Amino acid sequence: MATLEGSVENIVFRNEDNHYMVARFRLNSNKLFRDDLTTIVGVLPGVHVGELLSLEGEWEHDPRYGRQLRVTNFTQRLPSSPEGILRYLSSGLVKGIGPKKAGLIVDHFGEQTLAILEQQPERLGEVKGLSLRDRNQIIHTWLEQSEIKELHLFLQSHEVSINLATRVYKQYGREAIQVIRENPYQLSEDVYGIGFRTADEIALKLGLPADSVARLASGLKYVLAQAANEDGHCFLTERDLLLRASDELRIAPETLDQALQASRDDKNLFLEPAHQDLQAAKHSTIHESLLEESPASQAHVYYAPFWYAENGSARLLKFQMQAPSHLPPVSQQLWENVFQLLLQRRNMLLTDTQRQAVQQAYTQKVSILTGGPGTGKSTSMRALLMLLRNRKVDVALAAPTGRAAKRLSEATGTQGTGLEAKTLHRLLEYTPHDNSYQRNEDHPLPHQFVIVDEFSMVDILLFYHLLKALPRNAHLLLVGDADQLPSVGPGNVLRDLLKSEAIPVVRLTELFRQAQQSQIIVSAHQINNGQIPSLKVEPHSDFFFMHEEDPVRGQHLLIDLVKRRLPARYNFHSLTDIQVLSPMYKGAMGVTLLNEKLQESLNLNTHVQVEWGDRVFRIGDKVMQTRNDYDKGVFNGDVGWIRAIDKENSTVKVEFVEEAGPLFVSYAFHELDEVVLAYAVTVHKSQGSEYPVVILPLYREHRMLLQRNLLYTAITRAKRFCVIIGQPQALEMAVRNDRVALRNTALAERLEHLFRGTHNDLFNSELDSRI
């Protein structure tokens, strides 16, 4: 066992998830030789550049780093020398102190700097070059960091990283430690980045019993939330929930009965029999609905938000469809005149099915228009918009994402007309500070007609908020491709609406002549019909399959296509025109490694970069937001570009393209776990987007995700050019696999019951009081 003392000179690598670090360490005995540094590795939570450490560990030899100390134990001390203090304050730990300001402060106070910041911060006024604003920010941040440091010392034994400790502090302030001691499970509900498992470890170390009601109730909600986030389920069957929770909590299934009952009493969970027998539901327990029952007859257990959303959506749809329309009536002769004028003035010759779609949207309160690419959905919407505007009907266009909204404006020709499409969040006037929508049943939208495009991307929660904000006399047209992947969020709304047969639907199937000239569109429809597209290279084609059996060689080919071959031959821009899509994250052709390789190849701006965890971000990088951040106004899947890195203030500025124009968002360094590189993204994350060029790797190592709807979605993201790299067998596997991952939803069944009038009075009255 070796023992070392010294200071952290720089951090080579840090993984914020498990706190593993590779750092360069200056021994106290080597102060005169700047290049004589030692490499240390190990789990070192909360360690920053400039801190003094006492280390214990074992020496080992690494092929890359050479001789290094693997740390098994360490203690931290704040630096005492001016040089160490300067490095410590310049590390980005304290917002508002960068290298320049740190130098001014340390030059003035020397070895007393940290003591003065701690005990006499008002003396910062003595430092020339610091404005009043600088001093106030430094004092505020230092106090906050001191409290965070105390919190981190409390959390350190529970392996919670310092950036998560910062989020805990922002959530609870000085009460953080007290909140954690009273109910650690509150962390998993309130603090992004701290999941149930971390909270559970803290709780068990603090001595909470493994079978406590708080633990079991939180565990049940965690399992249901995981099922929604990872699998898109709105509910789990009773048996599935008990088995998953039992495995997660290591508790016998029968022990979970008390927690389930307590949670239902608190309105957090809803236990609902599969056949809507709500009278029985009020008195049922786990033991009464036997685990041996078949899945079809088992009770459904909902986390409350999904229960309200599914029930409310079904009920509000019925209200909407039964309420009268206020649109002026149109005679059959007038319809003929409209279609004739569209042909004469706009050269728009609509097929019989497109005419039916336009008429149905105008005459039915709620309707669906579905079809694949090239079948005329956009033309039908343009024709409908012309009629509505001619009749002075107030229309709103919306889509789930900024990218999809921008595409909708382009497709319908509404750019610059005052009728540009908006995101649904913007249409519903979402306010991040209180996580609410300003447009709701008490303050409905001011429109007579709402059209929502890319509706396959809309999850059950967003659909519910849309219906609550829709005026009862308004019309709603939902437009989407039901064969694409379902929403990232819970539910399968478009498929459920189609399955219910409660909503009028027009399906466009005819492929237009112009679309037939695109091998992208032709191949997409062949794939959707279960046919293997032609892999023969045709001159002037926009769809290519490049056979490469070896994934590593395929990776090199992909990078060469992005960097050299496609830009040289077709004048595509490597960064802005070409998007790499992959079915999964892992492997040589997975998103994670492809992003690293593409960044190395395409962005050489290494002099301005920031390392955060195991990621490196550079000015000019293409990045994607990975979660909904309502405070910042950016959402899961939004793509932007890093425009500035400010090490002085520890911030990164990202430009996102929104339907209303560019949106600049600032991230503190500790918030960088919200974004990832986006040179390559998963097919799921590409929904609602179109790119000039798509490159898609397909290999047997992706077999778990090789499905027809995934391949179809990926190909239809390409506007001008699509290249598939990989193995023909993998392509065939994807085309043959038409199984759609089933999601636990009951919207279709609820609609069927409602429109058949089979719901009992109890259901109707109870739902009335809850939506």
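Bear in mind that the values here come from a model prediction, so they are computed numbers and not experimental data.
Using a cut-off of 4.0 Å between Lys/Arg side-chain N and Asp/Glu carboxylate O, Glu749 and Lys499 are scored as salt-bridged.
Side-chain contact, Ser500 with Glu752: no donor N or O sits under 3.5 Å from an acceptor N or O. Checked by atom type, the side-chain pair Tyr570/Asp577 shows no donor-acceptor distance below 3.5 Å.
Pairs of residues two or more places apart, or lying in two chains, that qualify as side-chain hydrogen bond (donor to acceptor under 3.5 Å, both in side chains) and include a residue from residues 450-463 are Arg407-Glu454. Applying the salt bridge (Lys or Arg N to Asp or Glu O under 4.0 Å) test to every pair with at least one member in residues 325-337, sequence neighbours left out, gives these pairs: Glu336-Arg355. Contacts classified as salt bridge (Lys or Arg N to Asp or Glu O under 4.0 Å) and involving residues 359-368 (residues at least two apart or in different chains) are not found. Every pair passing ring pair (Phe, Tyr, Trp, His ring centres under 6.0 Å) that includes a residue from residues 335-356 is listed here, sequence neighbours excluded: Trp335-Phe339, Trp335-Tyr362.
Residues Arg708 and Val735 come closest through the heavy atom pair NE-O, 2.9 Å. Here the closest non-hydrogen pair linking Val591 and Ser582 is CG2-CB, 3.8 Å. In plain terms, the two heavy atoms of Lys632 and Leu663 that are nearest each other are O-CD2, 4.4 Å. For the pair Ala421 and Ser409, the tightest heavy-atom approach, listed with the atom from each and the gap, is N-OG, 2.8 Å. What you find for Leu316 and Lys468 is that their closest heavy atoms are CD1-CG, 3.6 Å. The nearest pair of heavy atoms linking His475 to Ser325 is NE2-OG, 2.6 Å.
Residues forming a side-chain hydrogen bond (donor to acceptor under 3.5 Å, both in side chains) with Asn529 (at least two apart in sequence, or on another chain): none. For Lys622, the side-chain hydrogen bond (donor to acceptor under 3.5 Å, both in side chains) partners two or more places apart in sequence, or in a different chain, are Gln579. Scored by the side-chain hydrogen bond (donor to acceptor under 3.5 Å, both in side chains) test, Gln333 finds Asn337 as partners (sequence neighbours excluded). With sequence neighbours excluded, the residues that form a side-chain contact (heavy atoms from CB on, under 4.5 Å) with Arg743 are His233, Pro486, Ser487, Asn492, Thr745. Annotation: side-chain contact (heavy atoms from CB on, under 4.5 Å) contacts of Ser541 (sequence neighbours excluded): Gln519, Glu538, Phe543, Phe544. Scored by the side-chain contact (heavy atoms from CB on, under 4.5 Å) test, Asp394 finds His447, Gln448 as partners (sequence neighbours excluded). Partners of Asp483 by side-chain hydrogen bond (donor to acceptor under 3.5 Å, both in side chains), not counting sequence neighbours, listed by chain and number: Asn528.
In this structure the side chain of Leu462 reaches within 4.5 angstrom of the side chain of Tyr437, judged on heavy atoms. Using a 4.5 Å cut-off on side-chain heavy atoms (C-beta onward), Ile368 and Leu497 make contact. No side-chain heavy atom of Thr401 sits less than 4.5 Å from a side-chain heavy atom of Thr423. Side chains of Ile578 and His573 form no contact here, defined as non-hydrogen atoms less than 4.5 Å apart.
Note that OG1 of Thr370 and NZ of Lys377 are 7.0 Å apart. Values are rounded to the nearest 0.5 Å. The CG atom of Leu566 lies 5.0 Å from the CG atom of Leu561; values are rounded to the nearest 0.5 Å. Atom CG of residue Leu754 and atom CG of residue Leu317 lie 9.5 Å apart, to the nearest 0.5 angstrom.
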side-chain hydrogen bond (donor to acceptor under 3.5 Å, both in side chains) between Gln438 and Thr431, worked out: CA-CA 7 Å; Gln438 297 307 297; Thr431 53; 3.1 Å; yes
side-chain contact (heavy atoms from CB on, under 4.5 Å) assessment of Leu494 paired with Asp496: CA-CA 5 Å; Leu494 180 55; Asp496 281 351; over 6 Å; no
side-chain contact (heavy atoms from CB on, under 4.5 Å) evaluation trace for Met381 with Val479: CA-CA 9 Å; Met381 282 192 285; Val479 183; 3.8 Å; yes
Gln354 vs Leu508, side-chain contact (heavy atoms from CB on, under 4.5 Å): CA-CA, chis, key distance, verdict: CA-CA 7 Å; Gln354 286 177 309; Leu508 300 178; 4.0 Å; yes
Worked check of side-chain contact (heavy atoms from CB on, under 4.5 Å) between Ile695 and Val562: CA-CA 9 Å; Ile695 301 179; Val562 175; 3.6 Å; yes
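Between Phe455 and Phe463, the ring center distance clears the sub-6.0 Å criterion.
Checked by atom type and distance alone, the side chain of Asn390 never pairs as donor or acceptor with a backbone atom of Met386 at under 3.5 Å. Of the possible donor and acceptor atoms, one in the side chain of Thr375 sits under 3.5 Å from a partner among the backbone N and O of Gly372. Distance alone, capped at 3.5 Å, places no donor-acceptor pair between the Asn709 side chain and the Leu485 backbone.
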Can you give me every donor-acceptor pair (side chain of residues 715-725, partner residue at least two apart or in another chain, under 3.5 Å) with its distance?
from: Thr716; atom 1: OG1; to: Tyr712; atom 2: O; distance (Å): 2.9
from: Thr716; atom 1: OG1; to: Thr713; atom 2: O; distance (Å): 3.0
from: Arg717; atom 1: NE; to: Thr713; atom 2: O; distance (Å): 2.9
from: Arg717; atom 1: NH1; to: Ser689; atom 2: O; distance (Å): 2.9
from: Arg717; atom 1: NH2; to: Gln484; atom 2: OE1; distance (Å): 3.4

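Ring geometry for Phe235 against Tyr302 counts as tilted: the plane angle lies between 30° and 60°, on a 0 to 90° scale.
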